[in-house]
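Hydrogens, waters and symmetry mates are skipped; everything else that's a heavy atom, side chains included, is used.
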Amino acid sequence: KDRSRRYHSAIALAEDIHRHLRNEPVLAGAPTRLYRLRKMVRRNRGVFAAGGAIFALLVIAVIGTGCGLLEAREQHFKRNAISRAQLRAVEDKAIRGIVKLQEEWGLQGITDGEFRRTYFHVDFLEQLEGVQVKGGIQVKFHGASGDVDFAPPVMHVTGKLRHVTPIQLQDFKFLKSVTKRTPKVTIPSPTMLHFRGGRGAISREAYPDMEGFYEDVARCYRDEIRQLAEAGCRYLQLDDTNLAYLSDEKMREGAKQRGD
């Protein structure tokens, strides 16, 4: 064995054994970010059990960045420097990494970290025929560091809604192929299509009355869900983040004014 990788004394070996028993990084081990992360979690189980959801989001961000995913997305979408196939290869690598991490932590429902998405709802809804993305709804959040203003995209229905191609199917199939546990798919709830824009964002020519709109939305979702089910999806979550908006009085008033 390489002498540089040996302990220089019995005392050094004993110290590393004690570090291992205390769930601290051993000096002989490669100090990778994931290795140190595991040790930190094991030393602070109670803390991370209480803040698990926030910590999980941080882990996803770290792993995605570490795999070069953010840089690859910028090269594809902003610089047009790499092809869609090249970007997908980077996404695949990042997803394999986050799947492995979830499995090592003992999770049974495994996600792909939504690593292929820019917005959790836009990437899905804009693939329906008859949908366009325009402008945004002004939102302000207040935190310890001050106010944050941003404008999430608003979906506009410009024609009859049709589910013309599978949306999550290929992503689900890849996720299913890289885990032996239950692959989980998350899609935006149907309300994400109309809540932020209201009646004014839905073509009156395509939909003189809202009942026809709701029927077509339901049909689109049935088609997507059926295709996922036929491919073996048994864990599907519909996220309705608009419910959180309704906790703000200004947001509720805005919804009333839009007719929601």
**Q** The criterion is ring pair (Phe, Tyr, Trp, His ring centres under 6.0 Å); which residues satisfy it with F124, sequence neighbours excluded?
**A**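 Per chain and number, F124 pairs via ring pair (Phe, Tyr, Trp, His ring centres under 6.0 Å) with Y221.
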**Q** Less than 4.0 angstrom from a charged side-chain N to a carboxylate O is my criterion; do R116 and D92 meet it?
**A**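 Yes, this pair counts.
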**Q** Does the distance from a Lys or Arg side-chain N to an Asp or Glu carboxylate O, for E224 and R219, drop under 4.0 Å?
**A**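 Judged by the 4.0 Å cut-off on N to carboxylate O distance, E224 and R219 do not form a salt bridge.
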**Q** What pair of heavy atoms forms the shortest contact from D112 to I95, and how long is it?
**A**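 Between these two residues, the closest heavy atoms are O-CG1, 3.6 Å.
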**Q** May I have the step-by-step check of side chain to side chain contact (heavy atoms under 4.5 Å, CB included) for Q227 and H163, ending in yes or no?
**A** CA-CA 11 Å; Q227 291 173 348; H163 182 271; 3.2 Å; yes
**Q** Which residues pass the side chain to side chain donor-acceptor pair (under 3.5 Å) test with T191, sequence neighbours left out?
**A**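 Residues passing side chain to side chain donor-acceptor pair (under 3.5 Å) with T191: S189, D240.
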**Q** Drop me the distance from L128's CG to M155's CE, to the nearest 0.5 angstrom.
**A**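 Going from the CG atom of L128 to the CE atom of M155 covers 8.0 Å.
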**Q** Evaluate the criterion side chain to side chain contact (heavy atoms under 4.5 Å, CB included) for residue pair F174 and E91; output intermediate values, then yes/no.
**A** CA-CA 11 Å; F174 177 80; E91 292 171 344; over 6 Å; no
**Q** Transitively linked via ILVMFWY side-chain contacts under 4.5 Å: V164 with V133?
**A**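 Different clusters.
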**Q** Looking only at atom types and distance, does a side-chain atom of Q102 sit under 3.5 Å from a main-chain N or O of T111, one as donor and one as acceptor?
**A**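 Yes, Q102 side chain to T111 backbone: donor-acceptor pair under 3.5 Å.
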**Q** Should K134 and V154 be marked as a side chain to side chain contact (heavy atoms under 4.5 Å, CB included) after you check the CA-CA gap, both sets of side-chain angles, and the distance that decides it?
**A** CA-CA 6 Å; K134 300 179 182 179; V154 173; 5.9 Å; no
**Q** Quick one: does L193's side chain get under 4.5 Å of L161's, heavy atoms only?
**A**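 They are in contact (side-chain heavy atoms under 4.5 Å apart), so the answer is yes.
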**Q** If you round to the nearest 0.5 Å, how far is OG of S203 from NE2 of H156?
**A**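 OG of S203 is found 12.0 Å from NE2 of H156.
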**Q** To the nearest 0.5 Å, what is the distance between NZ (K184) and CZ (F172)?
**A**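 K184 NZ to F172 CZ: 13.5 Å, rounded to 0.5 Å.
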**Q** Please check: side-chain N/O of Q168 versus main-chain N/O of P166, any donor-acceptor pairing under 3.5 Å?
**A**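 Side chain of Q168 to backbone of P166, a donor-acceptor pair under 3.5 Å: no, none is there.
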**Q** Go through the steps for T179 and E103 under the test side chain to side chain donor-acceptor pair (under 3.5 Å), then give the verdict.
**A** CA-CA 8 Å; T179 182; E103 291 178 341; 2.6 Å; yes
**Q** What residues form a side chain to side chain donor-acceptor pair (under 3.5 Å) with T118, not counting sequence neighbours?
**A**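 With sequence neighbours excluded, T118 shows a side chain to side chain donor-acceptor pair (under 3.5 Å) to R73, given in chain and number order.
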**Q** Could you tell me whether the side chain of P183 reaches within less than 4.5 Å of the side chain of Y235, counting heavy atoms only?
**A**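 Of all side-chain heavy-atom pairs linking P183 with Y235, none is under 4.5 Å.
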**Q** How about CD on E249, more than 12 heavy atoms from neighbouring residues, nucleotides or ligands closer than 6.0 Å, or not?
**A**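 Atom CD in E249 is not packed in, count stays at 12 or less.
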**Q** The criterion is side chain to side chain donor-acceptor pair (under 3.5 Å); which residues satisfy it with E129, sequence neighbours excluded?
**A**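 E129 satisfies side chain to side chain donor-acceptor pair (under 3.5 Å) with R162 once adjacent residues are dropped.
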**Q** Any non-hydrogen side-chain atom of F120 less than 4.5 Å from a side-chain atom of M192?
**A**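 Yes - at least one pair of side-chain heavy atoms lies under 4.5 Å apart.
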**Q** Could you state the interatomic distance from CG (L228) to CD1 (I167), rounded to the nearest 0.5 Å?
**A**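 The CD1 atom of I167 is 9.0 Å from CG of L228, to the nearest 0.5 Å.
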**Q** Return yes if some donor-acceptor pair links the side-chain N/O of K176 with the main-chain N/O of A231 below 3.5 Å, else return no.
**A**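 Yes, because the side chain of K176 sits within donor-acceptor range (under 3.5 Å) of the backbone of A231.
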**Q** Measuring only between side-chain heavy atoms, which start at C-beta, is T182 closer than 4.5 Å to I110?
**A**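 Of all side-chain heavy-atom pairs linking I110 with T182, none is under 4.5 Å.
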**Q** What closest approach, in Å, do H121 and P153 show between heavy atoms, and which atom pair accounts for it?
**A**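 Scanning both residues, the minimum pair turns out to be NE2-O, 3.9 Å.
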**Q** Please find the pair of heavy atoms, one from P190 and one from V217, that lie closest to each other, and give the distance.
**A**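 Reported closest heavy-atom pair: CB-CG1, 3.7 Å.
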**Q** Contact between H76 and R84 at the side-chain level, heavy atoms closer than 4.5 Å - yes or no?
**A**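 When only atoms from C-beta onward are counted, R84 and H76 do touch, with a gap below 4.5 Å.
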**Q** Does a side-chain heavy-atom distance below 4.5 Å link E114 with T186?
**A**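 Side chain of E114 against side chain of T186, heavy atoms only: contact under 4.5 Å found.
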**Q** Using a cut-off of 6.0 Å, state whether more than 12 heavy atoms not belonging to E205 lie near its atom CD.
**A**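 12 or below, so no.
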**Q** Looking at R252 and L246, would you say the former's side chain and the latter's main chain have a donor-acceptor pair under 3.5 Å?
**A**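 Yes: the side chain of R252 pairs with the backbone of L246.
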**Q** Under 4.5 Å between side-chain heavy atoms, counting indirect links through other Ile/Leu/Val/Met/Phe/Trp/Tyr residues: same cluster for L125 and M210 or not?
**A**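 Cluster IDs for L125 and M210 match.
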**Q** Once rounded to the nearest 0.5 Å, what's the spacing between atom CD of E74 and atom CG of L69?
**A**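 Separation between the atoms: 12.0 Å.
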**Q** With D223, which residues qualify under side chain to side chain donor-acceptor pair (under 3.5 Å), at least two apart?
**A**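 Residues passing side chain to side chain donor-acceptor pair (under 3.5 Å) with D223: none at all.
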**Q** Identify whether NZ of Lys or CZ of Arg in R199 sits under 6.0 Å from the centre of the six-membered ring of Y207 and within 45° of that ring's axis.
**A**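 Ring-cation test returns no.
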**Q** Quick one: hydrophobic cluster around L87, which other residues, with the 4.5 Å side-chain cut-off, linked directly or via members?
**A**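 Grouped by the 4.5 Å side-chain rule, F77, I82 form the rest of the cluster around L87.
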**Q** Rounded at 0.5 Å granularity, tell me how far NZ in K160 sits from SG in C220.
**A**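 The NZ atom of K160 sits 11.0 Å away from the SG atom of C220.
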**Q** Quick one: are Q170 and R88 in side-chain contact, heavy atoms under 4.5 Å?
**A**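 The answer is yes; the side chains approach within 4.5 Å.
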**Q** Kindly determine whether D209 and R204 satisfy salt bridge (charged side-chain N to carboxylate O under 4.0 Å, His left out), including the steps that lead there.
**A** CA-CA 7 Å; D209 65 85; R204 292 185 180 276; over 6 Å; no
**Q** Checking R79 against E71 for the salt bridge (charged side-chain N to carboxylate O under 4.0 Å, His left out) test, could you report, in this order, the C-alpha distance in whole Å, the side-chain angles of both residues, the deciding distance, and whether it holds?
**A** CA-CA 11 Å; R79 305 178 199 167; E71 174 63 22; 3.1 Å; yes
**Q** Give a yes or no on whether K250 atom NZ has more than 12 heavy-atom contacts from other residues, nucleotides or ligands under 6.0 Å away.
**A**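 At most 12 heavy atoms, drawn from other residues, nucleotides or ligands, come within 6.0 Å of this atom.
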**Q** Testing the basics here: between V185 and I187, what is the closest heavy-atom pair and its distance to 0.1 Å?
**A**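 Closest pair (atom of V185, atom of I187, distance): CG1-CG2, 4.0 Å.
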